[in-house]
Structures are given as C-alpha cells and as structure tokens.
Undergrad: 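One structure is given below, represented as structure tokens, and several questions about it will come after.
Every number for a ligand or one of its atoms is a count from 1 in the order of the listing.
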Amino acid sequence: MQIFHFLFLHAVCFLLCASFNVNAQRKQFNISLGSSLAPTTSSSWLSRSGLYAFGFYPQGKAYAVGIFLAGIPEKTVVWTANRDDPPVSGNASLLLNTEGRLVLQSARGQETPVVAQGEVAPASYASMLDSGNFVLHNSSGGIIWQSFDHPTDTILTGQSLLNGQELVSNVSETDHSTGRFFLAMQGDGNLVQYPVEKIAVATAYWASGTVGWGADVRLSLDSDGHLYLHNSTGFSIMNLTAGIPTGRAVYFMKIDWDGIFRLYSHNLTQNNALSILWESSTDKCQPKGQCGFNSYCIVNPNQQPGCRCLPGFVYVDRENLYSGCKRNCTAERFINSHGTVIYSMQEVEINVFEDVPFPVLQKTKDECKQACLEDSICEAAPIQY
Ligand SMILES: *[C@@H]1O[C@H](CO)[C@@H](O)[C@H](O)[C@H]1NC(C)=O
Ligand SMILES: *[C@@H]1O[C@H](CO)[C@@H](O)[C@H](O)[C@H]1NC(C)=O
Ligand SMILES: *[C@@H]1O[C@H](CO)[C@@H](O)[C@H](O)[C@H]1NC(C)=O
Ligand SMILES: *[C@@H]1O[C@H](CO)[C@@H](O)[C@H](O)[C@H]1NC(C)=O
Ligand SMILES: *[C@@H]1O[C@H](CO)[C@@H](O)[C@H](O)[C@H]1NC(C)=O
Ligand SMILES: *[C@@H]1O[C@H](CO)[C@@H](O)[C@H](O)[C@H]1NC(C)=O
Ligand SMILES: *[C@@H]1O[C@H](CO)[C@@H](O)[C@H](O)[C@H]1NC(C)=O
Ligand SMILES: *[C@@H]1O[C@H](CO)[C@@H](O)[C@H](O)[C@H]1NC(C)=O
C-alpha cells in the first residue's frame, strides 16, 4: 500500500505542475444520479488524484467514451465503452440518469446504454477510482458493475484477467474498434494468443504453457509492475516480469493492434516517459493471421508489421493491406508444354508457418519447381530457408 500512496501523491503533484487544461474536467469522486458530461465542456469525471478519468476522449474528429490516463500529457486510453459503435459528435452527452442508468445520448435524443441494462440493477451512484476502475454502486455502496470486470485491450495495476476473460486488440492507432488478435485466460490454466478469425490450437501463436493448473488461474498486474499467473489462494504459477520495487511509475498491460501483448510503464520520475518493460514477442511477424491469403508478413522500415503480396499478386484492398492479395489479372502469362496457361515462377523468402494459407510441398527447390510445372493449378511455390 505504501507504493500506492506514494504513486498517487506524485500524480497529484504532477497534475498541479503540468500545464494542461483541467478546466474541462470535473473533480467529482462520487458521481450522483442526474450528472452529465459533454465532449466539449465538462468532458470527464476525474478520480480523486486526477490520475484517471472517465468520459469523452477525441477519436478522429469525433468522440468516444472510455477511461484514460488524465494525469499525464499522453492520454493513454485503458478502457473503451461500446468500442464497435461509431464515435459520436461534439453535441452528444453522457448521462447517469435519474433511473440509475449510464447512457450516451445523441443530439437527437437517441439513447445508447454504456453498461448493458439487462446485466445490472439500476445504480445509486458511480465512482471513478484512483486505480482506474470505474464503478457503479447500489444504495448500500455495493458494487453492481465495474470496468475492471469488463476489460477491452488493457489491464491495470490491481486488475486480473480471469478464467474466460479476454483482451482483444484494437484495429489501429486511429481506430479503437475490435481488431484482429486476442489474449485469452483459458479454463485449462493456459494464457494463449490467437487471431480473432481463426481460433484453433494450430493458430495459437503464444502461450504461457501453464496447461493443467485449472480454471482458477488468473493473470495479475501488481503496483510494482509484477505481471504473473497465480491461483486464487495466491500460489505463484509463472512470473512474466519480476517487478520494480522502487518504481514510481504507472504500469499497464495491453494487447496491441499488432497482436503482441506488452507491459508498459509511464515513468513518473522521468517526464512520464513511456517504455516497454516486457513483450510477448520481439518478432512483429510472429502473430499468426497478420496477413491475408496470398500474402506474407514483413517488418516495414517504420518497424511495424506489413504484408507483401506473393509475386504476380496484387492487394485485394489497397486501403487495408492486411486483407490479402489476388492474382494480378493483367500480368503476363505463358503456356507450358502441356498447353496449360501458367505464370512465371519466382522464389520468395518467407517464414512458412503452420497456418500458411497455401499448401507447402516438402520438396527440394528443383523438385518443387517441377511439381508446380506439372500441376495445372499450382499457384505458387514458397521455399522455406
Ligand atoms: C460516496 O457516496 C457514498 C454513499 O453515499 C458514501 O458512503 C461515501 O462516503 C461517499 N464518498 C465520498 C468521497 O464522498
Ligand atoms: C451536432 O453536431 C453535428 C456536427 O458536429 C452537426 O452536424 C449537427 O447539426 C449537430 N446537431 C445539433 C442538434 O446541434
Ligand atoms: C448491494 O450490492 C451488494 C453486493 O455487491 C449486496 O450484497 C447488497 O445486498 C446490495 N444492496 C442493495 C440495497 O441492493
Ligand atoms: C493453488 O495451488 C496450490 C499449489 O498447487 C494448491 O495447493 C492450492 O490448492 C491451489 N488453490 C486453489 C484454489 O486451487
Ligand atoms: C515469482 O516471483 C516471486 C517473487 O519474486 C516468487 O516468490 C515466486 O516464487 C515466483 N514464482 C515462480 C513460479 O517462479
Ligand atoms: C524511471 O526512471 C528512473 C531514472 O532514470 C529509473 O531509475 C527507474 O528505474 C525508472 N523506473 C521505471 C519503472 O522504469
Ligand atoms: C490502438 O492501440 C494502440 C496500441 O496498440 C494505441 O497506441 C492506439 O492509441 C489505439 N488506438 C485508439 C484509436 O485508441
Ligand atoms: C500487374 O501486371 C501488370 C502487367 O504485367 C504490371 O504492369 C503491373 O506492375 C503488375 N502489378 C503488380 C502489383 O505486380
């Protein structure tokens, strides 16, 4: 607890020292029924220390609702409401209405629940806690809903990923909706990463290897950055990171849009510098399903994963290079000795994974070439080095 207190005091100090605009944010620890927010005026409810806020944040030219780090200049978003709904305009409002429901109201008066209504009883008040947890309470102060139980792509200090829960990546830097990868805490005790579209044992591209520990295993992040798997009686099963006992930092773990999950810290003694303390892989092309049919993953010069078409193929959708490639119909063709139309043959240097979207022939280069020439439907002959 010592570390907690120190951390938050420091965050408050930083808030006072920093020169960003807090006027638009309301310091309201207990949020009573009838309270409301608007994107451009009173845009969020701050936690007591000001480290976290619940409310509107800009998404392109519009606004989304979520929880973000308000106490540091880089407003890292850690939870998003209704992530697959389109962002709302500047004249929408967020309301904890007198019936105890949290709703997003469009300018035309249309209401969308922020918390699924069938799921919970009406709230008596809400609170934005300094842990980053946004909570709805009943009249006796009991918790009826909390954001910590419904993670999107991030877990925070004090939060756990339990059996059956998942973190799902977002689409991109500019689009927070459901992306292509997820991290699941499975009932067999294994923590596993899969592509969203193809969930099978063979498509898992990272696993903790803790099968057999049972349905009780959870992933937790402590206030010193210790990320680990344990069971409900506190038995330590696997350490992903050791933790930094002297750290004055805000830690969070996130499955990024590129399919890799990382432990980050904002170092409060070093200008809130954001750094990666641990990552599930340093190979940006490790996540399976990064690229669509007839394409393969390469690391771009900007160090981001990209997809390249096999020779003779062009992108299906130039706006989304991850969606795969199709034959370039205008490419030159020639006819082989059997009278079959074929295309020129080229070697490509790629890593062939088990889920590669085309069959892999276990042959030498020459055998492979011959096999392809004899096969009238041979499309490509990738070679593994
Ligand atoms: C918030 O409201 C609850 C219930 O009314 C009350 O018990 C608690 O003391 C309040 N907390 C603060 C910080 O006002
Ligand atoms: C709400 O804002 C949008 C654009 O921001 C504007 O087109 C629309 O007219 C506004 N609606 C009302 C009712 O003010
Ligand atoms: C409030 O919620 C708690 C559990 O979180 C429950 O035990 C309690 O009975 C509830 N109180 C009321 C008045 O509903
Ligand atoms: C946690 O693991 C320990 C060691 O295997 C075991 O003794 C304990 O019963 C487990 N707790 C639960 C709740 O399964
Ligand atoms: C993880 O680290 C903690 C603290 O250093 C240690 O007590 C625990 O035994 C470790 N767990 C494993 C599985 O190595
Ligand atoms: C923060 O920065 C200080 C000074 O460089 C360093 O000693 C400390 O280990 C850093 N903490 C974390 C959590 O990165
Ligand atoms: C999507 O996640 C990345 C981290 O993977 C983050 O940098 C980015 O801000 C997120 N995009 C949005 C629009 O929230
Ligand atoms: C597609 O084929 C045409 C005609 O051969 C060629 O000019 C063009 O560069 C090809 N496009 C790609 C992306 O290979």
Side-chain angles (χ1 to χ4, degrees), residues 3 53 55-70 72-88 151-156 160 162-163 167-183 185 187-191 193 196 208-247 252-266 274-281 284 287 290 302-305 322:
I3 295 168
F56 290 101
Y57 64 87
Q59 172 87 108
K61 285 181 181 137
Y63 300 88
V65 172
I67 299 167
F68 50 91
L69 272 163
I72 52 178
E74 195 173 341
K75 306 266 178 291
T76 303
V77 176
V78 298
W79 184 82
T80 307
N82 303 330
R83 71 192 295 195
D84 292 324
D85 287 357
V88 296
T152 51
D153 61 0
T154 304
I155 62 168
L156 299 173
S160 294
L162 305 174
N163 173 17
L167 300 180
V168 186
S169 66
N170 68 16
V171 171
S172 67
E173 292 295 331
T174 51
D175 183 349
H176 66 208
S177 55
T178 302
R180 298 175 295 134
F181 305 98
F182 71 99
L183 174 70
M185 187 69 249
D188 62 2
N190 213 9
L191 181 69
Q193 282 184 283
V196 162
S208 58
T210 49
V211 177
W213 284 93
D216 190 37
V217 179
R218 68 231 17 225
L219 174 71
S220 295
L221 176 60
D222 281 355
S223 57
D224 61 354
H226 181 206
L227 184 66
Y228 62 114
L229 289 166
H230 64 108
N231 72 14
S232 63
T233 43
F235 185 83
S236 170
I237 293 165
M238 184 187 191
N239 288 322
L240 299 176
T241 62
I244 302 170
T246 56
F252 62 96
M253 194 216 89
K254 181 171 201 148
I255 178 164
D256 282 323
W257 70 274
D258 61 7
I260 293 171
F261 80 96
R262 300 182 172 92
L263 176 65
Y264 289 95
S265 73
H266 279 291
L274 183 66
S275 44
I276 297 170
L277 301 180
W278 182 88
E279 51 192 332
S280 58
S281 174
K284 302 261 169 56
Q290 191 73 266
N302 62 3
Q303 293 305 308
Q304 304 220 318
Y322 297 98

Undergrad: Go through ligand 4 atom by atom and flag the ones less than 4.0 Å from a non-hydrogen atom of Phe235.
TA: 1 (C), 2 (O), 3 (C), 4 (C)
Undergrad: Can you find an N or O of Trp257 that's nearer than 3.5 Å to an N or O of ligand 7?
TA: yes
Undergrad: Quick one: does Lys75's side chain have a donor or acceptor within less than 3.5 Å of a partner on Tyr57's backbone?
TA: no
Undergrad: Could you identify the single nearest non-hydrogen protein atom to atom 13 (C) of ligand 5 and state the distance to 0.1 Å?
TA: Ile237 O, 3.4 Å
Undergrad: Does atom 11 (N) of ligand 5 have any protein heavy atom closer than 4.0 Å?
TA: yes
Undergrad: Kindly compute the distance separating CG (Leu191) from CG (Leu240), expressed to the nearest 0.5 Å.
TA: 7.0 Å
Undergrad: What do you reckon, does Ser232 have a nitrogen or oxygen under 3.5 Å from a nitrogen or oxygen of ligand 4?
TA: no
Undergrad: Hey, looking at atom 2 (O) of ligand 7, which of Asn170, Asp256, Asp153, Asp258 has the closest heavy atom?
TA: Asn170
Undergrad: Where is the nearest protein heavy atom to atom 14 (O) of ligand 4: which residue, which atom, and how far?
TA: Asp216 OD2, 3.6 Å
Undergrad: Looking only at distance, does Asp175 have an N or O less than 3.5 Å from an N or O of ligand 7?
TA: no
Undergrad: Return the closest protein heavy atom for atom 9 (O) of ligand 5 as residue, atom name and distance.
TA: Ser236 OG, 4.3 Å
Undergrad: Could you go through Phe182 and Asp153, starting from their C-alpha distance and side-chain angles, then the distance that decides it, and tell me whether this counts as side chain to side chain contact (heavy atoms under 4.5 Å, CB included)?
TA: CA-CA 8 Å; Phe182 71 99; Asp153 61 0; over 6 Å; no
Undergrad: Are any of the N/O atoms on Asn231, whether in the backbone or the side chain, positioned under 3.5 angstrom from an N/O atom of ligand 4?
TA: yes
Undergrad: For salt bridge (charged side-chain N to carboxylate O under 4.0 Å, His left out), just list the numbers for Arg83 and Asp85, CA-CA rounded to whole Å, side-chain angles, deciding distance to a tenth of an Å, and then say yes or no.
TA: CA-CA 6 Å; Arg83 71 192 295 195; Asp85 287 357; over 6 Å; no
Undergrad: Look up atom 7 (O) of ligand 4 and tell me if a protein heavy atom lies less than 4.0 Å from it?
TA: no
Undergrad: Is Ser160 reaching over with its side chain to a backbone N or O of Leu162, donor-acceptor style, under 3.5 angstrom?
TA: no
Undergrad: Please report which non-hydrogen protein atom sits nearest to atom 1 (C) of ligand 5, along with the residue it belongs to and the distance in Å to one decimal place.
TA: Asn239 ND2, 1.5 Å
Undergrad: Where is the tightest heavy-atom contact between Arg180 and Ser169, given as atom of each residue plus distance?
TA: N-OG, 3.4 Å
Undergrad: Need the ligand 4 atom indices (1-based, order shown) with element for anything under 4.0 Å from a heavy-atom of Trp213.
TA: 5 (O)
Undergrad: Is there at least one pair of N or O atoms, one from Glu173 and one from ligand 7, spaced under 3.5 Å apart?
TA: yes
Undergrad: Decide side chain to side chain contact (heavy atoms under 4.5 Å, CB included) for Val168 and Val196; before the verdict, give the C-alpha distance in whole Å, the side-chain angles of both, and the deciding distance to 0.1 Å.
TA: CA-CA 8 Å; Val168 186; Val196 162; 4.2 Å; yes
Undergrad: Does the gap between the ring centers of Trp278 and Phe261 come in under 6.0 Å?
TA: yes
Undergrad: Which word best sums up how the rings of Tyr264 and Phe252 line up, parallel for under 30°, tilted for 30 to 60°, or perpendicular for over 60°?
TA: parallel
Undergrad: Measure centre to centre between the rings of Trp213 and Phe235, then say whether the value is under 6.0 Å.
TA: yes
Undergrad: Does the side chain of Glu74 pick up a donor-acceptor pair with the side chain of His266 at under 3.5 Å?
TA: no
Undergrad: Going by a strict under-4.0 Å cutoff (protein heavy atoms only), does atom 4 (C) of ligand 5 have a neighbour on the protein?
TA: no
Undergrad: Could you see which bit of Thr174 sits under 4.0 Å from ligand 7, with heavy atoms only: side chain, backbone, both or neither?
TA: backbone
Undergrad: Does an N or O from Ser172, backbone or side chain, lie closer than 3.5 Å to an N or O of ligand 7?
TA: yes
